[in-house]
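What follows is a set of notes on a single structure, which appears directly below.
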Amino acid sequence: MPSHLGSQRGGSEAEVKEISPTHRLLMGKGYVVHLVGTAHISSSSCSEVKRVIKETKPRAVMVELCDERSMLVMERAPPITDPADAVRRILKGENVFYVLHGYVAASFADKLDIVPGAEFYHARKQALIEHSNFYLVDRSVSVTIARAWGSLTSWEKLKFVYNALGSIFMDMDADEINKLIEELKKNTKSDLFTDAIRQATADFPGLVHAVITERDEYLAMNIRKHAEDELSFLADHKMLGMNRKISFMAVVGAGHLQGISSHWKDINQMETDQLEDELDILDELPIITWETRLVDKSLKWGVLLSLTVTTGAISYGLYRGSRWIISKSIELYLRRSNPEPVMAIA
């Protein structure tokens, strides 16, 4: 948390209580937020999300998504089995995350008992049943990517692209991936993708800061902002009960639980104007110099040239690349969360 976030708003109510490893209470002035962490590919996470919403009947439900990923909670993405079809859909202007969601769902339907990120879909569905308001509280993925990319030096950008392209054509063993996924589904206390990002980007600390640390802060601030906006609405319409805390719920990847919780007290002590200013700062795009623009364009056209040698290369690269990246993420996650050695993937 930036050192200048020290303005005191007061209040001993600003605290965090742990209900379970995946469920915490964020105490605010006049409200409480049930913060639930999910594993993103676990059916038990979906069940917990629905159960907590049903039991607490929150005034509003907030999820770790942004407008650019909003289609993931509106409807189920149709399965896309052909990588070339996925590319065509994206080039035609279809929502990138909606298309990729459909492709991942189709590619791993026989390995996972749940579509990745399905807990957000179920959160919205249950929120509608309970007549709860629903908010997307994550930072725009475009801003996150821009800030992450902008945090890299020219050399780090070259290294990152080189590593990414090199991984595209690496093979994997499907049987080993099946075993790893089965082990992963037994563990719902961590967030696969957050842990994988931390380890896979160990050589690029700027990426970790932009993709994880900043978003922990952003999510915590936006959760408080939406909760207090709801309280203001209720107060204006004389709908606040005496001595009763208003209940809210936030659904995030379990990897964000610790970060959000650790920032909560400082964030809950900010003045409202300061909170707004901090959110604006985290939404700022990096300044682009002519040197940065030159490097970025060179990398962009270099990558496009290397990927468009043949249509077959694109299809093969997307198919192998997506499978390899997910397999390596699972392997890295299990190495960290399981003390027993994990079989390496060739």
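The shortest distance between side-chain heavy atoms of Lys57 and Ile129 does not fall below 4.5 Å. Residues Val16 and Ser261 are in side-chain contact: their nearest non-hydrogen atoms beyond the backbone lie under 4.5 Å apart. Counting heavy atoms from C-beta outward, Leu207 and Leu152 have side chains that approach closer than 4.5 Å. With a 4.5 Å cut-off on side-chain heavy atoms, His23 and His34 count as touching. Within the 4.5 Å cutoff, the side chain of Val252 has no heavy atoms near those of the Thr38 side chain. Residues Leu234 and Ile246 meet the side-chain proximity criterion, which asks for heavy atoms closer than 4.5 Å. Taking 4.5 Å as the limit, some side-chain heavy atom of Met249 sits within range of a side-chain heavy atom of Val52. Counting only heavy atoms from C-beta outward, the side chains of Leu285 and Val143 approach each other to under 4.5 Å.
Tested against Met221 for a side chain to side chain contact (heavy atoms under 4.5 Å, CB included), the candidates Ile260, Val137, Ile267 yield a single pass: Ile267. Of the candidates Leu219, Asp67, Val63, Thr144, Leu219 is the only one forming a side chain to side chain contact (heavy atoms under 4.5 Å, CB included) with Asp138.
A pairwise comparison of heavy atoms in Pro286 and Gly150 identifies CG-CA, 4.3 Å as the closest pair. Taking each heavy atom of Ile53 and Pro58 in turn, the nearest pair found is O-CD, 3.4 Å. Considering every non-hydrogen atom in both Leu136 and Ser70, the closest pair reads CD1-CB, 3.5 Å.
With sequence neighbours excluded, the residues satisfying ring pair (Phe, Tyr, Trp, His ring centres under 6.0 Å) with Phe233 are His237. Considering only residues two or more places apart in sequence or on other chains, Gln126 meets the side chain to side chain donor-acceptor pair (under 3.5 Å) condition with Glu130. Every residue meeting the ring pair (Phe, Tyr, Trp, His ring centres under 6.0 Å) condition with Phe120, not counting sequence neighbours, appears here in chain and number order: His40. Applying the salt bridge (charged side-chain N to carboxylate O under 4.0 Å, His left out) test to Glu214 and every residue at least two apart in sequence or in another chain returns Arg139, Arg147. Here Ser262 pairs with nothing under the side chain to side chain donor-acceptor pair (under 3.5 Å) rule; sequence neighbours left out. Among residues two or more places apart in sequence or in another chain, the ring pair (Phe, Tyr, Trp, His ring centres under 6.0 Å) test is passed with His209 by none. Residues that satisfy the salt bridge (charged side-chain N to carboxylate O under 4.0 Å, His left out) test with Lys50, not counting sequence neighbours, are absent from this structure. Under the rule for a salt bridge (charged side-chain N to carboxylate O under 4.0 Å, His left out), the partners of Glu55 that lie at least two apart in sequence or sit in another chain are Arg51. For Lys125, there are no salt bridge (charged side-chain N to carboxylate O under 4.0 Å, His left out) partners two or more places apart in sequence or in a different chain. Residues satisfying the ring pair (Phe, Tyr, Trp, His ring centres under 6.0 Å) test with His131, not counting sequence neighbours, are none.
The cluster map of Ile, Leu, Val, Met, Phe, Trp and Tyr, joined by side-chain heavy atoms under 4.5 Å apart, puts Tyr31 and Met239 in the same cluster. Hydrophobic cluster membership is shared by Val36 and Val73, with clusters built from Ile, Leu, Val, Met, Phe, Trp and Tyr side chains linked at under 4.5 angstrom.
Side-chain contact annotation: Glu119 with Ser45, donor-acceptor N/O pair under 3.5 Å absent. For Asn222 and Tyr135, the side-chain atoms include no donor-acceptor pair closer than 3.5 Å.
For the atom pair Met270 CE and Lys265 NZ, the distance stands at 14.0 Å (nearest 0.5 Å). Interatomic distance, Asn268 CG to His263 NE2, rounded to the nearest 0.5 Å: 14.0 Å. Atom-to-atom distance recorded for Leu231:CG and Lys245:NZ is 9.5 Å, nearest 0.5 angstrom. With rounding to the nearest 0.5 angstrom, the CD atom of Glu276 is 5.0 Å from the NZ atom of Lys225. Atom NE2 of His256 and atom CG of Asp216 lie 6.0 Å apart (nearest 0.5 Å). Rounding to the nearest 0.5 angstrom, the gap separating the CD1 atom in Ile223 from the CD atom in Glu228 is 12.5 Å.
Between the Glu64 side chain and the Gly253 main chain, a donor and an acceptor come within less than 3.5 Å of each other. In this structure, the side chain of Trp264 engages the main chain of Met27 through a donor-acceptor pair within 3.5 Å.
Applying the salt bridge (Lys or Arg N to Asp or Glu O under 4.0 Å) rule to pairs touching residues 248-257 yields nothing, sequence neighbours excluded.
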Under the criterion side-chain contact (heavy atoms from CB on, under 4.5 Å), I'd like the reasoning laid out for His122 against Ser47: C-alpha separation, chi angles, the key distance, then a yes or no. CA-CA 9 Å; His122 288 290; Ser47 298; over 6 Å; no

Before you tell me yes or no, could you show the steps for Thr56 and Ser247 under side-chain contact (heavy atoms from CB on, under 4.5 Å), namely the whole-Å CA-CA distance, both residues' side-chain angles and the distance that decides it to 0.1 Å? CA-CA 7 Å; Thr56 63; Ser247 176; 3.8 Å; yes

Run the numbers on Ser132 and Arg59 for side-chain contact (heavy atoms from CB on, under 4.5 Å), then give the verdict. CA-CA 5 Å; Ser132 301; Arg59 168 70 187 179; over 6 Å; no

As a quick check of understanding, evaluate side-chain contact (heavy atoms from CB on, under 4.5 Å) for Leu26 and Val32, giving each step before the final call. CA-CA 6 Å; Leu26 307 180; Val32 59; over 6 Å; no

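Leu128 belongs to no hydrophobic cluster, as no Ile, Leu, Val, Met, Phe, Trp or Tyr side chain comes under 4.5 Å of its own.
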